[in-house]
Amino acid sequence: MSATTSRAGRTTAGIDYSKLIQPDRVHGSLYTDPAIFAEELERIWYQGWVYVGHTSEVPEPGDYVRKSIGPQDLVMTRDKDGQVHLLLNRCAHRGNLVCEDARGNSNSFRCPYHGWTYRNNGQLLGYPYNQGYGGKGKLDLAMGSVPRVESYRGFVFGSFAHDGPSLAEHLGPAAGEIDRLAALSPEGEIELNAGWLKHRTRANWKLLAENETDGYHPQFVHGSIFSVTGSPIGALYSDKSTAVTRNLGHGHSENDLRPEFRNFAEPMRWFGTTESRVPEYVAAMRAAYGDDAERILIEGAPHVMIFPNLFIAEIQVFVIQPIAVNECIQHATAVQLRGAPELNKRMVSQSIGSVGPAGMLLADDTEMYERNQHGVEQLRPEWLDLSRGMKRERVDERGLTIGTATDETGMRGFWSNYKQLMEEGR
Amino acid sequence: MNDKNVHGVVIGSEFAEIGVIVDDEGNGPRLRLEDRRTGRVRHVDALELEAIIWLPEGHLRQLLDPSADRWREDIGR
Ligand code: FES
Ligand SMILES: [Fe+2]
């Protein structure tokens, strides 16, 4: 039977991703077709590694926080032995939501519907009036859990696949960017305990993921925050910049601003300040790292998008949660560095200025995401161009593809990984 | 109850809310625990608290079974 094409890439035999995703352009339906979104859930969100939460959010036994993998509602818990679990927030009786609060401390959970009670590892402890089931312990039921849970420097990822690549394989060189972030703490540890802001965004999740390392837009979209704060960051995303956009593989990418910061060789410039303004922090760093502190303080924090949903933007962490083909939630928090109270306070106030309810960074991006979603829903010209900088890409000393600060090298890396995941085993 | 000796807190979660007071009414201190959802009260003395601390994990889990004591068919029969 021959398949007939009804519209670009759509045949009676299914969706042909090799038609929709080309090296220099992608088709608009990738952002608007509910059938594609459904396949993404199965092949990306309910299959591969997805960032869920940070161990610092459940520091004590009994701590729990509500988290998600796409539309799946999860409870991240820490049991009495210190182990972290990812439970699906669904009662094994009739499927009620078990936990409602965003966070709390409880070693066991009682479903409010009929009182079934679970240990915080998902084990069923019992149910009321047990004669209806023939007595105690008669049901072999439990809360569902994410089968694979691994963490890297406290960043907890989950995978619904029982086997597959390890988290280390998935992260590849992107792990080094998490290391760079941790190195900014005198104790080498990150904490994500400053609280989360949630922004509901009427846009497909991929528009966000692609934008995170798009160095082409900041000069336009973020002009107001750069001018108000006198930030030197804007200039880093110009065509004269020596910063690079790097494809880190597996859909991960970064804007590597280090070449620019190395040129200036000023500690704390990456943070928009000087050593003398944060003397305690700098002293703690020099005490912890010795001669290497200078390099760490000059090079600053990473700007990396870890496929499919974790964006580390220097001083903030964003998590992208897709809800529907045209809707997602952006979760944002300030990075906190262990042993750096002086800097942490500034990180929180800078984050409020950029991603808070009246913040000037995320609101500008989100305006673009929603306009972008509306735009791609229009029928012509069908394609989104992805060719910027294709002809000037190079391979760096690690064998990774790099483009200039404003090139779409990161997006092309995103799409080649996406295409592979969507076509695998077909 | 003598007000100056009352130091109350609520240990609460989305699952339960217990008012906790150190009760000095007797000849020695004890905890007064109140289930704020039902008003049911229990006083717990030092030796009883010690027993809770020494309860093995498995034993505690058994007590958390809703059918263990509170919600069972034979209660009140
Ligand atoms: S649905 Fe949870 S106890 Fe019935
Ligand atoms: Fe009812």
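All figures in this text were calculated on a predicted structure; none of them were measured in a lab.
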Side-chain donor-acceptor distances from residues 316-329 of chain A under 3.5 Å, at least two apart:
from, atom 1, to, atom 2, distance (Å)
Gln316(A), OE1, Ser351(A), OG, 3.3
Gln316(A), OE1, Ser354(A), OG, 2.7
Gln321(A), OE1, His331(A), NE2, 2.8
Gln321(A), NE2, Ser68(A), OG, 3.4
Gln321(A), NE2, Gly70(A), O, 2.9
Glu327(A), OE2, Arg200(A), NH1, 2.3

* For chain B, find its close neighbours in residues 101-110 of chain A: heavy-atom separation under 4.5 Å, sorted by number, or none. =>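 Contacts with chain B: Asp101(A), Asn105(A), Ser106(A), Ser108(A), Phe109(A), Arg110(A).
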
* Among residues 111-135 of chain A, which ones touch chain B with a heavy-atom distance under 4.5 Å? ->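 Result: Gly115(A), Thr117(A), Arg119(A), Gln123(A), Leu125(A), Gly126(A), Tyr127(A), Pro128(A), Tyr129(A), Asn130(A), Gln131(A), Gly132(A).
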
* Within-4.5 Å side-chain heavy-atom neighbours: Lys136(A) and Ser67(B) ->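 Result no, sub-4.5 Å side-chain heavy-atom pair not found.
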
* Only pairs at least two apart or in different chains count here, so list each salt bridge (Lys or Arg N to Asp or Glu O under 4.0 Å) that has a residue in residues 44-67 of chain A. =>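 Qualifying pairs, neighbours excluded: Glu57(A)-Lys67(A), Arg66(A)-Asp73(A).
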
* Count the heavy atoms of every other residue, nucleotide or ligand shown that sit under 6.0 Å from CZ of Arg40(B), and state whether that count exceeds 12. =>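 No, because the 6.0 Å sphere around CZ of Arg40(B) holds 12 heavy atoms or fewer from other groups.
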
